[in-house]
Amino acid sequence: MGHQCRNLRLLHKWTQEELANKIGVTKQVVSNWERNVARPEINHLISLAEVFDVTTDYLPCIANQMPFPYCVDSIDTIHSDLNNEKIKNPLIF
């Protein structure tokens, strides 16, 4: 869950504090999610999906069975593929 949250936050060019303010948590909570120290409660998972405009099953990348580009390991991969036009709408399913 952590790397998807971090990658999406960076893709939107938001700080942890900006994301936290958008969903009503503290910066430390976002940091804990991104470091996989904690997992968001369902209401926060829904809020994250809404602000990132993704589905709730995208964020935890359930069982890592979702194919690229939906389950990414690196923000650099997203930017590279966007620049090469391999992904037209990476956040729309």
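Only heavy atoms go into these numbers, but all of them, side chains included; no hydrogens, no water, no symmetry mates.
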Please tabulate, for the side chains in residues 38-49, all donor-acceptor contacts under 3.5 angstrom to protein atoms that are two or more places apart in sequence or on a different chain.
| residue | atom | partner | partner atom | Å |
| --- | --- | --- | --- | --- |
| S47 | OG | N43 | O | 3.1 |

### Any donor-acceptor pair under 3.5 Å from N32 side chain to V37 backbone
no
### Nearest-0.5 Å distance, OG1 of residue T15 to CZ of residue R9
7.0 Å
### Query
In Å, rounded to the nearest 0.5 Å, how long is the span from CG of L8 to OH of Y58?
4.5 Å
### Message
According to side-chain hydrogen bond (donor to acceptor under 3.5 Å, both in side chains), who are the partners of Q16, at least two apart in sequence or on a separate chain?
### Response
E34
Quick one: side chains of residues 20-27, donor-acceptor pairs under 3.5 Å with protein atoms, not counting sequence neighbours, listed by atom name and distance.
| residue | atom | partner | partner atom | Å |
| --- | --- | --- | --- | --- |
| N21 | ND2 | E17 | O | 3.3 |
| T26 | OG1 | V29 | N | 3.2 |

### F52 vs L11, side-chain contact (heavy atoms from CB on, under 4.5 Å): CA-CA, chis, key distance, verdict
CA-CA 10 Å; F52 289 138; L11 185 65; over 6 Å; no
### Message
To check you understand the geometry: which heavy-atom pair defines the closest contact between H12 and V51, and what is its length?
### Response
NE2-O, 4.3 Å
### Message
To the nearest 0.5 Å, what is the distance between CZ on R35 and CZ on R6?
### Response
12.5 Å
